[in-house]
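Just below is one structure, and these are the notes that go with it.
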Amino acid sequence: MRQSEYFIPTLKEEVTDAVIPSHQLMLRAGLVRQVGAGIFSFLPLGYKVLKNIIEILRDEMDNIGGQEFLLPALNPIEIWEQTGRVEAMGDVLFHIKNREGLVLAPTHEEIITFHARQHVKSYRDLPQIWYQIQTKFRNEPRPKSGVLRGRQFIMKDAYSLDSSLEGLDVSYNKHYQAYHDIFDRCNLNYFVVGASSGAMGGRQSQEFMVESNAGEDICALCDDCGYAANLEVASSNVKPVGRLDNNDEIEMFPTPNAKTINDLIEQFGLPEERCAKSVVYMVNNEPLLIFMRGNDELNESKLQAIVGTNNIRPAVSEELIKFTGADHGSIGPINLKTKIRIIADNLLKGANGLVSGANKDGFHYKNIDFERDCRIDEWYDLRTIQEGEQCPKCNSKLRVVKAIELGHIFKLGTKYSEALGATFLNSEGVEQPIIMGSYGIGVERILACYIEQNHDDKGIIWEYPITPFDVHLLGINLHNSDELKKGCEEIYEELLYAGFDVLFDDRDVSAGIKFNDADLIGLPLQIIVGKRNYDNGNVEIKNRRTGEREIVPIDGIEEYLLNYEPKSDE
RNA sequence: CGGGGUGUAGCGCAGCCCGGUUAGCGCAUCUGGUUUGGGACCAGAGGGCCGGAGGUUCGAAUCCUCUCACCCCGACCA
């Protein structure tokens, strides 16, 4: 491709709106342009990369027996009502205003299940892996970070249909392996974490993550044993509070100015670990009293998984007074005004000598013995782990990092097949719901994450196979020498003929502009054709990543390129 | 949805507090000339409903009200 005829609007200056490197460089290198919040056009160069990524996705999905569909973005709302997701998705789901009854699909479990219901009738029809690579629409409350979080984005989503849980495991594992192959081929540094399968009855779920400050997920990592988990489910080894030898009688004492755990510690000199925090949540509008160590943070994801719904929220003051008899700061397990289900964090199991609210404003109890003085209905891991705590597997120190979710594999189970009546007859002639898995990858996220991990202060650094072109041919000051121009054209033609995808900077601009644009665009190798070297029968080849330059004879260019890396398969 | 910020030429910005000729600067663009291996130089030119609506005023980019858009932090994130 001749750059003089190709649309690559590079920007010399920084773009103020772009905060993270990938967003900045995608704009400056001419890959994308923003049209609205979370809405982007891919320009030819950016789309070329996207297509390379999609080809890898397609290849690996086909490798595990996936069959590609083209599914509609416009969906009848009825099918979404049947699975309860119109309500569950809320404002995230785009509704068509001038055509009642249609929504823009944010994902495709419903449509896939719809087709399965139509045609999958027997266990002999299973298993199946169906996938698509298409645009999804989600009315994100806050699009951000360039293409990392858009209202419209391309997703590879796959769905497995199986007749048994064992079959689901097989399908799931195939995807697990395919995802590794995909992200490896894209040269990404990533890790896999155990993730929350949500409140809606999934079985197992893992996320493929890229560590990044631009990420919206938080993960715990153990660099020693490889333990990795989303903070939503991460656990750690922390010593339980345990029992004190002297078990004094429970005693109420006035605490008029103590509203928080820190107040109690400061005003009464109490040891932090003996202060129990009580939190009241409304779960499906029923109160639930939760006990944690004083300064631990309740993990709402864990709570959602325990109570089996995501309809939870902290209780407000009126509710606290109504159910416990006291407001914030004085709530505890003893003397509750009404009977409330009480759960507590595992670290408090069997503890005594505890301090907690007396359900009377301005009073606390001390010397509470959870075994002697009150009723705890159940014990769970409820806390959010902290940086530096011990790995649950090997006791090394855990790191807590921000991460971008690239992909998610998820054993769905029968939620959608049951809701939509997608059933089959098993070998005994018994009707059963199809057992499903769901597997998504954000296509633009691969691109953005790659740039996050492969750039320097000059620009992007591409590698095979996702690089938009194999090589950048830079003709320096061609208009000064007909011979040089002719020679450069010949090199271009020969490389094309040899099957290389070449971007040829034949523009009539100064050398500095070409060098800087080339570094910004970031093709892996630059073949620099200048008069001095050319007159000696040579060109200079620069490695974008290392900056190393080599003088190479013109008839050795092809060999050099072939030895550098396998050329992209276009 | 809460908090903060920004809308002035294709891009990046100044001007706004404290209202007053024709709204400015850099980059980019066009013409001519000189340059030519890391974003050249000289001379000239084009390009604006100062986000939109309403108001105050003799007079509004500037003050007031409303509104729209975008960015950041938070909430949310199937």
Side-chain angles (χ1 to χ4, degrees), chain A residues 9-20 23-24 27-28 30 33-40 75 80 83-94 103-110 136-146 148-151 153 155 157 195-202 205 207 214-218 230 232 300-301 304 310 312-314 404-405 408 410 412 415-416 419 438 440 442 458-459 474-481 484 505 507-520 526 528-534 539-540 542 547 549 551:
Chain A
T10 55
L11 300 173
K12 188 157 83 174
E13 292 176 62
E14 291 226 335
V15 180
T16 27
D17 276 355
V19 176
I20 63 169
H23 188 195
Q24 181 71 233
L27 291 168
R28 290 225 290 130
R33 284 295 178 266
Q34 180 163 346
V35 175
I39 306 172
F40 288 85
N75 286 190
W80 287 83
T83 57
R85 288 176 104 191
V86 174
E87 196 187 349
M89 310 246 4
D91 278 342
V92 172
L93 186 67
F94 278 109
V103 296
L104 290 176
T107 173
H108 280 84
E109 278 86 359
E110 274 77 359
K136 312 278 172 170
F137 299 87
R138 295 183 191 182
N139 188 22
E140 291 289 343
R142 180 146 100 84
K144 56 180 280 200
S145 303
L148 278 178
R149 176 116 180 246
R151 286 153 144 170
F153 58 95
M155 187 181 217
D157 54 335
S196 167
S197 47
M200 305 294 231
S205 162
E207 291 166 330
E216 302 182 290
D217 283 272
I218 303 175
N230 196 303
E232 292 171 347
E300 290 199 355
S301 300
Q304 287 177 353
N310 55 11
I312 64 167
R313 61 171 173 83
I404 297 165
E405 182 186 343
H408 195 168
F410 187 11
L412 269 185
K415 172 176 156 59
Y416 297 96
S438 155
K458 304 283 264 180
L474 305 185
I476 304 303
N477 295 323
L478 298 183
H479 56 274
N480 271 359
S481 159
L484 182 65
D505 194 346
R507 295 175 301 167
D508 187 14
V509 296
S510 73
I513 290 174
K514 293 193 179 195
F515 291 138
N516 282 303
D517 270 352
D519 286 345
L520 177 59
Q526 298 167 12
I528 300 163
V529 184
K531 183 137 184 18
R532 203 169 309 132
N533 282 318
Y534 183 79
V539 296
E540 179 179 314
K542 177 181 156 184
R549 297 152 187 276
I551 304 297

Whole-Å gap separating [atom2] ([N]) and [atom1] ([X]):
| X | N | atom1 | atom2 | result |
| --- | --- | --- | --- | --- |
| A:E14 | B:G26 | CD | P | 21 Å |
| A:R28 | B:A28 | CZ | P | 15 Å |
| A:I39 | B:C71 | CD1 | C1' | 15 Å |
| A:I476 | B:G39 | CD1 | P | 12 Å |

Identify the nucleotide, in any strand shown, that forms a Watson-Crick or G-U wobble pair with [N], with both distances under 3.5 Å; if there is none, say none.
| N | value |
| --- | --- |
| B:G10 | B:C27 |
| B:C41 | B:G33 |
| B:G19 | none |
| B:U62 | none |

For the side chain of [X], counting heavy atoms from C-beta on, which of [options] is nearest?
| X | options | result |
| --- | --- | --- |
| A:H479 | B:U36, B:G37, B:C72 | B:U36 |
| A:R151 | B:G12, B:G37, B:C70 | B:C70 |
| A:K12 | B:A28, B:C13, B:C71 | B:A28 |
| A:N480 | B:G38, B:U36, B:G37 | B:U36 |
| A:R549 | B:C70, B:G37, B:A75 | B:G37 |
| A:S510 | B:A40, B:C11, B:G37 | B:A40 |
| A:D517 | B:A75, B:G37, B:G39 | B:G39 |
| A:R149 | B:G39, B:G37, B:C77 | B:C77 |
| A:E13 | B:G26, B:C72, B:G38 | B:G26 |
| A:E540 | B:A40, B:A75, B:G37 | B:G37 |

**Asked** For RNA chain B, whose closest nucleotide is more 5', that of A:D17 or that of A:L11?
**Response**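 It is A:L11 whose nearest nucleotide is closer to the 5' end.
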**Message:** Judged by each residue's nearest nucleotide on RNA chain B, which is more toward the 5′ side, A:H23 or A:Y534?
**Reply:**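 Its nucleotide being nearer the 5' end, the pick is A:Y534.
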Separation of the [atom1] atoms in [N] and [M], to the nearest angstrom:
| N | M | atom1 | result |
| --- | --- | --- | --- |
| B:C50 | B:U8 | C1' | 4 Å |
| B:C11 | B:C70 | C1' | 16 Å |
| B:G46 | B:C1 | P | 46 Å |
| B:A60 | B:G19 | C1' | 6 Å |
| B:U6 | B:G15 | P | 11 Å |
| B:A9 | B:G24 | C1' | 11 Å |
| B:A61 | B:G7 | C1' | 12 Å |
| B:U36 | B:C41 | P | 14 Å |

**Asked** With sugar-phosphate meaning primed atoms plus P, OP1 and OP2, does A:R532 contact a base, only sugar-phosphate, or nothing at under 4.0 Å between heavy atoms?
**Response**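 A:R532: no heavy atom of the nucleic acid under 4.0 Å.
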**Request:** Could you tell me whether A:Q34 contacts a base, only the sugar-phosphate backbone, or nothing, with contacts defined as non-hydrogen atoms closer than 4.0 Å?
**Result:**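 If one applies the 4.0 Å heavy-atom cut-off, A:Q34 turns out to touch the sugar-phosphate alone, with no base involved.
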**Request:** Tell me whether the OP1 or OP2 atom of B:C71 has a side-chain N or O from A:T16 closer than 4.0 Å.
**Result:**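 No, no such contact exists.
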**Request:** Going by the side chain to side chain donor-acceptor pair (under 3.5 Å) test, name the single residue among A:R532, A:Q526, A:R549 that passes it with A:E540.
**Result:**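 Output: one option passes, namely A:R549.
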**Asked** Is there a donor-acceptor pair under 3.5 Å between the side chain of A:N139 and the backbone N or O of A:D91?
**Response**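 Such a contact is found between A:N139 side chain and A:D91 backbone.
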**Prompt:** Does A:V15 offer a backbone N or O that forms a donor-acceptor pair with the side chain of A:R28 under 3.5 Å?
**Reply:**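 Side chain of A:R28 to backbone of A:V15: no pair is present.
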**Message:** Hydrogens and angles aside, do A:H408 and A:S205 bring a side-chain donor and acceptor to less than 3.5 Å of each other?
**Reply:**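 Distance-only check passes for A:H408 and A:S205.
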**Asked** Between A:R85 and A:E109, is there a side-chain N and carboxylate O pair less than 4.0 Å apart?
**Response**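 Here A:R85 pairs with A:E109 in a salt bridge, since their nearest N and O are under 4.0 Å apart.
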**Request:** Please list, chain by chain and in numerical order, all residues satisfying salt bridge (charged side-chain N to carboxylate O under 4.0 Å, His left out) with A:K458, sequence neighbours excluded.
**Result:**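 Scan of A:K458 (salt bridge (charged side-chain N to carboxylate O under 4.0 Å, His left out), adjacent residues dropped) gives none.
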**Prompt:** Under 4.5 Å between any side-chain heavy atoms of A:P143 and A:F153, yes or no?
**Reply:**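 A:P143 does not reach A:F153 side chain to side chain.
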